[in-house]
Protein chains: 2
Amino acid sequence: MSYPAGYRIERERPRRRQSGETARLKAIQAAIELFAVGGYGGTSIADVAAKTGLSQSGLLHHFPSKTALLSAVLEHRSKEDADFLFDGEQAPLGWEAFDAMVSLVARNSTRPDWVGLFVRLSAEATEPGHPAHQWLLDHYSSLRRWLGEALEDGKVHGDVAQDAPVEAIVNNTIAVLDGMQQQWLCAPGSFSMVAQFRTFIESIKTTWG
Amino acid sequence: MSYPAGYRIERERPRRRQSGETARLKAIQAAIELFAVGGYGGTSIADVAAKTGLSQSGLLHHFPSKTALLSAVLEHRSKEDADFLFDGEQAPLGWEAFDAMVSLVARNSTRPDWVGLFVRLSAEATEPGHPAHQWLLDHYSSLRRWLGEALEDGKVHGDVAQDAPVEAIVNNTIAVLDGMQQQWLCAPGSFSMVAQFRTFIESIKTTWG
DNA sequence: GTCTATACCTCGATAGAC
DNA sequence: GTCTATCGAGGTATAGAC
């Protein structure tokens, strides 16, 4: 059975009840903002529900449990980060990868909630039993792989010194990124994350370029 | 009024009830280990009491509130850190300050509980309302001051390049320290914090030495 | 899809006996 | 110095009406 073009079975109609998808997105956004301040453990689903404009049970209709909500938040975050960094294109290699990280820092500077979300969750999720633990491991692992490959590629092309300690450079880059955000949260606006991160990148380029 | 040497008014006597000081120290140690895993918000005073070998109320006899316990923990930590780094002597200046930081990292490598304590608490305490917020600000502020002075002194003595961006170097050093510990907690023993931190220090020495 | 009501737990803190 | 008992608040999750 087929229909002529333009024919729609389900036409748009005004409705009081928002669609499940709308409610989910609103809730995820609310959860991001609240987790960013209180972390996962310090935020109640009632808080998220209130910010979403739902009762607690109303929220639990869309996310059967608090951890389900967390999973949705993490998935959302990972996706947006990947979209920003790569956006369908090939991941940059060589020092360009580190320049891409600078862009990421610039983007983060405009999104305190995302910085807070990561800083809080990653500290909590260090613990093996935490519901975001695996996510955190995956996050680090993919970041390490990408930056590691970028440096190895740079060695092949002669942009990176042959004796550059890849693992240490990669880990330190990630460490600067995370530690800087931690400091920045204490006093947002007290320094430029971009400028500071650039200083770091310049230093490693100078040393192992 | 004076007593002959060797004469003691209060002689040691066996007692069932431990002294207040003993109980306090036991509780602080227990709290450190528990805060290191669950953070401040994620740890109940009942947990601390159990680990100390007291009932919840028994613990609250020594620390009138949960925040009082936290304060004692923070004070304890700050003191031990200062003792380790300076130990009554003058704080080292120039690049020696950064070498001292390497020693600190080496010490931390043997104390996962301290690393955990700092990572969790500092992430929570980023929030202005957190009971450890001021402590965190003070911690960063004193660390920044010391490392900043060290670099300025190095400039005077010609060990540090005149155009070295002091603030960025200092902040990045602290960032590496913090971020590295965060990664290390995810998989303690998966890499050497000392070696990695040395790589960072070498890089900045190379660039601005 | 959203709500109220509720079950059941844990938490921080206080009161008061020993 | 340590305990039991208890209060009141707030947490997750479920049942069931609309």
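Lettering follows sequence order; numbering is per chain, from 1. As the structure is a computational prediction, the values presented were derived from the model and not from experiment.
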### Message
Does anything in residues 122-140 of chain B form a salt bridge (Lys or Arg N to Asp or Glu O under 4.0 Å)? List the pairs, not counting sequence neighbours.
### Response
A:Arg120-B:Glu127
### Query
Could you give all pairs that pass the ring-ring contact (aromatic ring centres under 6.0 Å, His included) test and reach residues 47-79 of chain A, with sequence neighbours left out?
none
### Query
Looking at residues at least two apart in the chain, or sitting in another chain, which of them share a salt bridge (charged side-chain N to carboxylate O under 4.0 Å, His left out) with A:Lys66?
none
### Task
Would you list the pairs meeting ring-ring contact (aromatic ring centres under 6.0 Å, His included) in which at least one residue belongs to residues 88-122 of chain B, sequence neighbours left out?
B:Trp95-B:Phe98, B:Phe118-B:His139
#### Entry: Members of residues 42-61 of chain B that approach DNA chain C, where some heavy atom sits under 4.0 Å away
B:Thr43, B:Ser44, B:Ile45, B:Gln56, B:Ser57, B:Leu60
### Pairs involving residues 176-205 of chain A, ordered by first then second residue, that meet salt bridge (Lys or Arg N to Asp or Glu O under 4.0 Å) (sequence neighbours left out)
A:Asp99-A:Lys205
#### Entry: Partner residues of A:Thr67 under the side chain to side chain donor-acceptor pair (under 3.5 Å) criterion, sequence neighbours left out
A:Ser65
### Query
By a strict heavy-atom criterion of less than 4.0 Å, which residues belonging to residues 63-77 of chain A are in contact with DNA chain C?
none
### Residues in salt bridge (charged side-chain N to carboxylate O under 4.0 Å, His left out) contact with B:Asp83, at least two apart in sequence or another chain
B:Lys79
### Query
To the nearest 10 degrees, how far apart in direction are the end axes of the helix from C:dG1-D:dC18 to C:dC18-D:dG1, each fit to five base pairs?
0°
### Task
Kindly state each residue pair satisfying side chain to side chain donor-acceptor pair (under 3.5 Å) with at least one member in residues 183-193 of chain A, sequence neighbours excluded.
A:Gln183-B:Arg144
### Task
Answer yes if the side chains of B:Trp135 and B:Ser78 hold a donor-acceptor pair under 3.5 Å, and no otherwise.
yes
### For B:Asp153, all residues meeting salt bridge (charged side-chain N to carboxylate O under 4.0 Å, His left out), sequence neighbours excluded
none
